[in-house]
Chemist: 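The structure under discussion is supplied below as structure tokens; questions concerning it will follow.
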Amino acid sequence: MTARTDTRTDTRAHTRTGTRSALLVLADGRFPAGGHAHSGGAEAAVRAGRIKDADDLEAFCRGRLHTTGLTSAGLAAGAAHGLDPYALDAAADARTPSPALRAAARRLGRQMMRAARATWPDPGLDALAAAFPRGAHQPVVLGAAARAAGLGPEDAAHCVAYETVGGPATAVVRLLGLDPYRATAVLARLAPDMDRVAERAAAAAREGVDALPAASAPLLDLTAEQHAAWPVRLFAS
């Protein structure tokens with residue numbers, strides 16, 4: 001049996017042994033997965049003047065959610081469903097044209113893996129960590145962590161959808177001194193969009209890797225490369 005075959009996860013329906021509480025732990029901003037150090041492109045958007053207030057933040061988050069957020073949610077849902085992690089990681093690479101964002105995704109994947117293995121010890125996580133010693137893409141690791149926690153594709157997709165908008169909202173509070181109550185209200189208004197994105201991602205995951213969303217946000221890719229070259233920045237990406 002090859003190493004590739006060893007790291008595949010069984011694609012049979014995963015038995016749900018976890019609870020919604022496990023989802024709350026995974027989605028909690030205090031979960032030590034490194035996301036607090038990343039702005040999701042918000043820092044570059046603030047400097048460029050594209051985010052100046054809560055209305056701009058909402059527009060930015062909605063656009064990010066329905067593009068890169070949908071794509072990442074599909075990858076996470078696929079991993080939670082038990083699709084081939086090699087194929088998922090290759091799909092993530094193909095959907096991330098920015099070298100800076102690919103590097104950030106793998107750094108976050110390594111950090112997520114450390115946190116997940118400490119929280120939900122699981123042979124599947126051990127195999128994924130061994131297969132990608134430099135880190136698999138973060139959404140793939142997150143989906144595998146959700147599976148280890150007994151959660152399903154919808155749960156993983158919801159976690160990514162919230163993370164997609166929650167990270168920029170938190171960053172903009174710090175970057176602009178935005179009223180945190182207004183930032184939280186933005187997240188609440190985006191809740192129906194998050195639900196739609198998670199449902200679409202989970203449905204695609206059940207159709208296989210080739211059916212996963214491949215929505216893109218070229219401006220985020222361009223500004224990520226610019227942001228990576230800044231000599232001084234508050235966030236890693």
Side-chain angles (χ1 to χ4, degrees), residues 29 31-52 56-57 59-76 78-79 85-116 128-129 131-145 159-176 197 201 212-237:
F31 189 72
H36 65 279
H38 296 260
S39 77
E43 185 169 23
V46 166
R47 179 178 288 194
R50 287 189 290 274
I51 300 179
K52 301 181 292 296
D56 294 338
L57 172 63
F60 176 88
C61 287
R62 181 171 283 107
R64 189 168 191 267
L65 177 62
H66 287 282
T67 54
T68 59
L70 174 61
T71 298
S72 295
L75 293 164
Y86 283 95
L88 288 171
D89 195 74
D93 254 354
R95 288 160 169 75
T96 312
S98 163
L101 290 181
R102 286 199 299 271
R106 292 193 184 280
R107 286 197 302 271
L108 284 168
R110 289 196 301 271
Q111 182 67 22
M112 170 67 74
M113 180 61 77
R114 287 195 291 271
L128 185 59
F132 296 95
R134 296 186 177 182
H137 277 260
Q138 190 263 5
V140 178
V141 179
L142 188 151
C159 186
V160 170
Y162 179 75
E163 179 184 78
T164 295
V165 297
T170 300
V172 169
V173 169
R174 295 172 63 185
L175 290 162
L176 290 179
V197 163
L212 294 179
S216 63
L219 185 58
L220 287 179
D221 294 320
L222 292 171
T223 56
E225 293 302 307
Q226 296 166 1
H227 182 271
W230 292 358
V232 178
R233 57 184 188 244
L234 183 60
F235 292 93
S237 69

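Quick note: numbers below take in every heavy atom, side chains included, and nothing from hydrogens, waters or symmetry partners.
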Chemist: Once side-chain contact (heavy atoms from CB on, under 4.5 Å) is applied, do any residues pair with His38, and if so which ones, sequence neighbours excluded?
Modeler: Ala104, Arg107, Leu108, Ala236, Ser237
Chemist: To the nearest 0.5 Å, how far apart are CD in Glu225 and CG in Leu220?
Modeler: 12.0 Å
Chemist: Check whether any side-chain heavy atom of Gln138 sits under 4.5 Å from a side-chain heavy atom of Glu163, and report yes or no.
Modeler: yes
Chemist: With a 4.5 Å heavy-atom cut-off, do Arg110 and Met113 have their side chains touching?
Modeler: no
Chemist: Please find the pair of heavy atoms, one from Ala171 and one from Ser39, that lie closest to each other, and give the distance.
Modeler: CB-CB, 3.6 Å
Chemist: First locate atom CE of Met112, then atom CG of Leu142, and finally report the distance between them rounded to the nearest 0.5 Å.
Modeler: 4.0 Å
Chemist: How many angstroms lie between atom CG of Leu65 and atom CZ of Phe60, to the nearest 0.5 angstrom?
Modeler: 11.5 Å
Chemist: Find the distance between NE2 (His36) and CD (Gln111) and round it off to the nearest 0.5 Å.
Modeler: 8.0 Å
Chemist: What heavy-atom pair brings Val197 and Ala161 nearest, and what distance separates the two atoms?
Modeler: CG1-CB, 4.5 Å
Chemist: Quick one: closest heavy-atom pair of Cys61 and Pro168, and the distance?
Modeler: SG-CB, 4.1 Å
Chemist: Just how far is it from atom CG of Leu212 to atom CG of Leu88, taken to the nearest 0.5 Å?
Modeler: 6.5 Å
Chemist: Find the distance between CG (Leu219) and CZ (Arg50) and round it off to the nearest 0.5 Å.
Modeler: 4.5 Å
Chemist: Which heavy atom of Ala145 sits nearest to which heavy atom of Ala116, and what is that distance?
Modeler: CB-CB, 3.6 Å
Chemist: Start with the C-alpha distance between Asp93 and His137, add both sets of side-chain angles, then the distance that settles side chain to side chain contact (heavy atoms under 4.5 Å, CB included), and finish with yes or no.
Modeler: CA-CA 8 Å; Asp93 254 354; His137 277 260; 2.8 Å; yes
Chemist: Check side-chain contact (heavy atoms from CB on, under 4.5 Å) between Thr170 and all other residues, then give those that pass, not counting sequence neighbours.
Modeler: none
Chemist: What do you reckon, is CZ of Phe235 surrounded by more than 12 foreign heavy atoms closer than 6.0 Å?
Modeler: yes
Chemist: Measure from the side-chain N and O atoms of Arg95 to the backbone N and O of Pro213, and report whether any donor-acceptor pair falls under 3.5 Å.
Modeler: yes
Chemist: Quick one: closest heavy-atom pair of Phe132 and Pro85, and the distance?
Modeler: CZ-O, 4.2 Å
Chemist: Are any of the side-chain nitrogens in Asp89 or Arg106 under 4.0 Å away from the carboxylate oxygens of its partner?
Modeler: yes
Chemist: With side chain to side chain contact (heavy atoms under 4.5 Å, CB included) as the criterion, how do Thr96 and Thr71 come out once you've worked through the C-alpha distance, each side chain's angles and the decisive distance to 0.1 Å?
Modeler: CA-CA 10 Å; Thr96 312; Thr71 298; over 6 Å; no
Chemist: Arg233: what forms a side-chain contact (heavy atoms from CB on, under 4.5 Å) with it, not counting sequence neighbours?
Modeler: Glu43, His227, Trp230
Chemist: Which atom names give the shortest non-hydrogen contact between Thr67 and Ala217, and what distance separates them?
Modeler: OG1-CB, 3.6 Å
